[in-house]
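One-based numbering along the sequence shown.
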Amino acid sequence: MKLTRTFVTLSFCLFISVLYAQKEAVQKQGIFSFSATVSDYNFTQRTKDSSLKYAMSDKDMFKSGKASFGFQVSYWKQLQPHINFSGNLGSDFANFPALFVKGDSIGQAHLSVHLDGLVHFMAFNNDAPVNPFLTVGMGAGNFGKQLALFVPIGTGLAFHFSTGCIITLQLQLRKALSSGITNDFVTYSLGFAQGIAGRAAKKHESHKDELIKNSLSAGKNSHSSAGKAEKSSKEKNAAKGVSQSGTDTAVLNKVAKENKVSPSPDADGDGVADKDDKCPAVKGSVENQGCPFPPVEGAEVLNMSRDSATYSIHFDFDQSILQTGAFAVLNRIVEILRTDKTLTINITGHADSQGTDLKNMQVSADRANVTRDYFMSYNVAASRIKSSYYGATRPIDKVQQWRNRRVEVTIIKK
């Protein structure tokens, strides 16, 4: 009984600390997961009768008439970079042993339903490929005709894939708190969830960034006269139903104001009307549809000026291997460099804040080197490439760490 009170006190303290921590909580979108479960209601008794090793290795719980298979639906929410909360509703077709349920002297089969709230303490940030965690919480369920409270305590592994798929393996000892059941029991689970793919999480960019990025995602360059380019842009906008009024106009005007340029039919004075200008706040050219450089479709734009444009590509956690999405961006930059031999590029490698400074510096160097080597493999002269790396010293996002695992490529006009 003393041990039970200790578990209750510990769980209560953990829940209070988590609620307090939400003042600085990370705002992440919650996700649902679905799990297959197996409950072992004989575990504690086997441990008492023999040993923990025997109880863990016993296969009787999978046999017909003894197996207790079930299903669980969970809602996961990140509270802090290393703390998750989950609410779980599950049921299993339970085969209770004799005397497990109070008043049941022979053992019976019942549909058992349980509800619990759990706090998961993750070893790493949520997007780590393999993430061990510890779990504690509070739960309640029906066991035959009895209701009982229990404290789940356990461990698990979360596998996070680049596609957003998350697989969890969990082992929980459920400590009985009330007299409805007479023993503790163990539950194993295998869960699946589909989260947001962090490496392709363009949804997290601001509306203004989306507008600027979309404005740079133009089609092929037009080498016709200014009048033909303006007419072509009008026809394309009319076909797509593009509107220059309302919220989009307000945002573009704000961008222009921030660059100290007053909104007008041709605010940046590059000969392309604002309604057709793909870069209305930066002076460009008619050939590039109002941008200073040919557009790089699908790239995240970090900076744009008359003399330079900076794009970023992203990497998996602790990796320096180019991802599929990066090739299209790099190939487009290669085309731009081939077209204009006077252009040079500056490559900088970066890392997130996880790991040691030495490790982060090394992985940022590897990312810069693999990007430089990619350009050189397409016969871009080494004299046109400058490369450097900074580890985790220059983050661009304190919340979304995937954005910091990057290489920046800056195209520069001499």
Nearest-0.5 Å distance that lies between atom [atom1] in [X] and atom [atom2] in [Y]:
| X | Y | atom1 | atom2 | value |
| --- | --- | --- | --- | --- |
| S178 | L149 | OG | CG | 4.5 Å |
| I411 | M304 | CD1 | CE | 8.0 Å |
| I347 | S388 | CD1 | OG | 9.0 Å |
| S305 | F293 | OG | CZ | 7.0 Å |
| H120 | F85 | NE2 | CZ | 8.0 Å |

State, with a plain yes or no, whether a side-chain heavy atom of [X] is found less than 4.5 Å away from one of [Y].
| X | Y | answer |
| --- | --- | --- |
| I333 | Y374 | no |
| R174 | T187 | yes |
| F43 | D184 | no |
| M138 | V151 | yes |
| Y389 | V363 | no |
| F317 | Q354 | yes |
| S33 | I166 | no |
| L337 | F375 | yes |

Using atom types as modelled and distance alone, determine if a side-chain donor or acceptor of [X] lies under 3.5 Å from a backbone N or O of [Y].
| X | Y | answer |
| --- | --- | --- |
| S68 | A94 | no |
| R306 | P292 | no |
| N131 | A158 | no |
| T393 | Y390 | yes |
| D397 | Q400 | yes |
| N88 | S74 | no |
| Q323 | H314 | yes |
| N404 | K398 | no |
| S112 | N142 | yes |

Verify side chain to side chain contact (heavy atoms under 4.5 Å, CB included) between V409 and V329, making sure each step is shown before the conclusion.
CA-CA 10 Å; V409 181; V329 175; over 6 Å; no
Please work out whether the ring planes of F96 and F100 are parallel, tilted or perpendicular, with thresholds of 30° and 60°.
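Parallel, since the angle between the ring planes stays under 30°.
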Are [X] and [Y] within salt-bridge range, i.e. N to O under 4.0 Å?
| X | Y | result |
| --- | --- | --- |
| K413 | D307 | no |
| R338 | E335 | no |
| E300 | R406 | no |

Hey, mind stepping through H350 and T348 against side-chain hydrogen bond (donor to acceptor under 3.5 Å, both in side chains) and telling me if it holds?
CA-CA 7 Å; H350 304 271; T348 59; 2.9 Å; yes
Aromatic ring proximity, centroids under 6.0 angstrom, F121 and F133
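They do not qualify: ring centres at least 6.0 Å apart.
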State yes or no: are the ring centers of F143 and F185 separated by less than 6.0 Å?
yes
List the residues meeting salt bridge (Lys or Arg N to Asp or Glu O under 4.0 Å) with D373, not counting sequence neighbours, and say none if there are none.
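D373 satisfies salt bridge (Lys or Arg N to Asp or Glu O under 4.0 Å) with no other residue.
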Under the salt bridge (Lys or Arg N to Asp or Glu O under 4.0 Å) rule, what pairs show up with a residue in residues 356-372, not counting sequence neighbours?
D318-K359
